Participant: 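Please see the structure below; I have some questions.
All of these numbers come straight from a predicted model, not from anything done at the bench. Chain identifiers are assigned alphabetically (A, B, ...) following the order of the sequence lines, protein sequences preceding nucleic acid strands; residue numbering begins at 1 within each chain.
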Amino acid sequence: MSFLEVRDLCLDVGGFELSRIELKAEKGDYLTLIGPTGSGKSLFLETIIGFYRPEKGRIILEEKDITDLPPDKRQISIVYQDHMLFPHMDVFENIAYALRKKLRDKKQIEAEVKQIAGVLGIDELLHRKPATLSGGEKQRVALARSLIVRPKLLLLDEPFSALDARTREKLRDTLKKAISEYSTTVLHVTHDFEDVWALANRVVVIRKGEVMQAGDPESVFKRPSPDFVAEFLGTNVLKGKVKAFEGKLTVIEAEGLKIYSSDPAKPGEEVVVSIRPEEIILSRGTVESSARNTVKGKVLGIFKKEHLVVVEVKMGNAEIKAVITPTSCEMLGLEPGRETYAVFKASNARIIR
Amino acid sequence: MRFLKTPGILKSQSFKHSWFRNLTIGIAFIFTFLLFSSIGILLFVLKPSEILSALFSEEMLYSMKLSMLTSSASTLSVICCSIPTAYALSRYSFPGKSLIKSILGLPMAFPELVMGLALLLLFGHGFLGPYLEALGIKVTFTKLGIVVAQFFVAFPYAVRVIYSTFEDINPRYEQVSRSFGYGEFETFRYVTLPMARSGLFASSVITFARCIGAFGAVLILAGGSYMHTEVLPVTLYLNISYGNLEMAITSGILLMGIAFLAIFSFERFEGGRL
Ligand SMILES: Nc1ncnc2c1ncn2[C@@H]1O[C@H](COP(=O)(O)OP(=O)(O)O)[C@@H](O)[C@H]1O
Ligand SMILES: [Mg+2]
């Protein structure tokens, strides 16, 4: 039996329902849940933690059926996008509050708080009120508060969504460190596929209250289920090695292609490059443009997706998807077997690790 | 009451002011001025010496003391009862919830006098009266009756203010607290109540003001008898009917002063939200 098992979970909140959700996670797994806004990801997390009671189905954690337990008996913690730090307590109090039900001894509580503050880099903030903190600092505190109780399961509901890219990246590193230190199993809802690459070993795709697909990140990103159209899915993922640093650009050799990226990386480093299908332009010949990447390939297939067209192109050893309008598809005269050029900017070839 | 600030774009940008604009502004000024001057007149009719002698008369001192005592008692009980009521209405769904909501809305619309009459019938000889009397409790025409009347006048308002305070607190705060092992009551005690602090303070102030100013229901249920169930509004009423203007006006000034203090601290603490 798995560490966490969700079986046939159904929840109706009037106007929206989760239907027959199945999910498994092993101890130490890091699961990311992705799916469009309003697909029921938050509802799902809040059902697992016990704020909603499912109509049907079972939730089993560590061989124990917790479906009918109140939230205070489940040992599951949650971090929300808007942190939910108690405004009337300072940072220390917020973190200590979580621990008070487990520990009575004041000295011990203080020691534990100090320790986690060290791990998350918030030592200096312990006596500030949440209102005086920056977004990133608030999330660190919220993470500390949730982790300090060493929950069986940590739920993260888009914890980084409100932060800027740089803060997000830093926080991701800190989170990684803290998770391994406190060896927690995590369910992380996110919109950002970089979270998936950087943190997760498994991905679950949810749409309209149903699980569409589950698996390891690579397989889900490379072969998104055919009826799934979320914009962040089906991004092109190329594995490669950094060859050089030319001017301000990183040169990567990936799957038989030479790709320029404006993200910095060290030569020799193994990296993953992501190029979003909508950021690729297809053309008949090589064109003069400021975009640094022009790659020749062969059209494999053409699919209509809602009002757009997805073109699959074989380039080197990689299959790359591009999204274009039906009009430009017609003008280019694309059909399987034809040669075409994919053009994209160096800034759109994102390096993820 | 909330006066929303008009965004700059919506303000008339023409230089020549329209007659409609002038009309609305004119009406705003005229009636606010009338209201203001009627309050002002209250202060200037009497000589200070007359006010002072009325203020320290035996009857006024009695009435002031009784008003403070009864209003404090009823404010305390109103707050104690409206916190759980408002919390239940805000957080739980249960059968009869919308019924409770509409019944609590009623007293805002119907006259206090009718409320007094209804209470008189309820606590009188017909229904609860005999049972309560068997327990040694007499409500009608007693000081307890004042508290009861004030309670029912102020309760719906207090529930409303506290309800909106609870509505403004994201239930996720409570859920986070639950996830750390705290029960429902502990969470309420350590998270919800402290977060509702300023709303609770504001509603206490408003409740106190409503209790001290309650007249119709108090008069009918407690009788309004001289130096027995005489609170400040009753003093005003009794002395008007005797033609004793000094006493009437002085109690009016006292009631006004209390109302101003209440509104002032309410605005300070709740930022004028109601
Ligand atoms: N308590 C509730 N009652 C009724 N509908 C709800 C409730 N909570 C969420 N919903 C609805 O359920 C849907 C899914 O919401 P949510 O789980 O927040 O989506 P996501 O987190 O994936 O963006 C939304 O359409 C939302 O309006
Ligand atoms: Mg959500």
Participant: Side chain from CB out, backbone as N, CA, C, O: work out which of these in Leu99(A) comes under 4.5 Å of a heavy atom of chain B, or both, or neither.
Facilitator: neither
Participant: Ile76(A) and Ser179(B): which non-hydrogen atoms are nearest, and at how many Å?
Facilitator: O-CB, 3.3 Å
Participant: Look only at the side chain of His88(A) and the backbone of Tyr190(B), and say whether a donor-acceptor pair between them is shorter than 3.5 Å.
Facilitator: yes
Participant: Take atom NZ of Lys170(A) as the centre, draw a 6.0 Å sphere, and report whether it contains more than 12 heavy atoms from other residues, nucleotides or ligands.
Facilitator: no
Participant: Considering all heavy atoms of both residues, which atom of Val176(B) and which atom of Tyr80(A) are nearest to each other, and what is their separation?
Facilitator: CG2-CE1, 4.0 Å
Participant: Centroid-to-centroid, Tyr97(A) to Tyr182(B), below 6.0 Å?
Facilitator: yes
Participant: I'd like to know whether CZ of Arg58(A) has more than 12 heavy-atom contacts from other residues, nucleotides or ligands below 6.0 angstrom.
Facilitator: yes
Participant: Decide if atom NZ of Lys24(A) counts as having more than 12 heavy atoms of other residues, nucleotides or ligands within a radius under 6.0 Å.
Facilitator: no
Participant: Crowded around Tyr131(B) OH? As in, over 12 foreign heavy atoms under 6.0 Å?
Facilitator: no
Participant: In Å, rounded to the nearest 0.5 Å, how long is the span from CD of Gln175(B) to OH of Tyr52(A)?
Facilitator: 6.5 Å
Participant: Of the listed residues (Gly50(A), Pro71(A), Pro151(A)), which shares the most heavy-atom pairs with chain B below a 4.5 Å separation?
Facilitator: Pro71(A)
Participant: Going from CE on Met195(B) to CE on Met89(A), what distance comes out if it is rounded to the nearest 0.5 angstrom?
Facilitator: 9.5 Å
Participant: Can you tell me if CZ on Arg202(A) sees more than 12 non-hydrogen neighbours from other groups inside 6.0 Å?
Facilitator: yes
Participant: Hey, which of Gln75(A), Lys102(A), Arg100(A), Arg145(A) is the one that makes side chain to side chain contact (heavy atoms under 4.5 Å, CB included) with Phe180(B)?
Facilitator: Arg145(A)
Participant: Taking atom CE of Met68(B) as the centre, does the number of heavy atoms from other residues, nucleotides or ligands within less than 6.0 Å exceed 12?
Facilitator: no
Participant: Which pair of heavy atoms, one from Gly181(B) and one from Lys101(A), lies closest together, and at what distance?
Facilitator: O-CD, 3.4 Å
Participant: Would the number of heavy atoms belonging to other residues, nucleotides or ligands and lying under 6.0 Å from CZ of Phe16(A) be above 12?
Facilitator: yes
Participant: Supply the atom-to-atom distance Arg172(B) CZ to Ile78(A) CD1, rounded to the nearest 0.5 angstrom.
Facilitator: 7.0 Å
Participant: Pick from Gly183(B), Pro171(B), Ser177(B): which one has the most heavy-atom pairs with chain A under 4.5 Å?
Facilitator: Ser177(B)
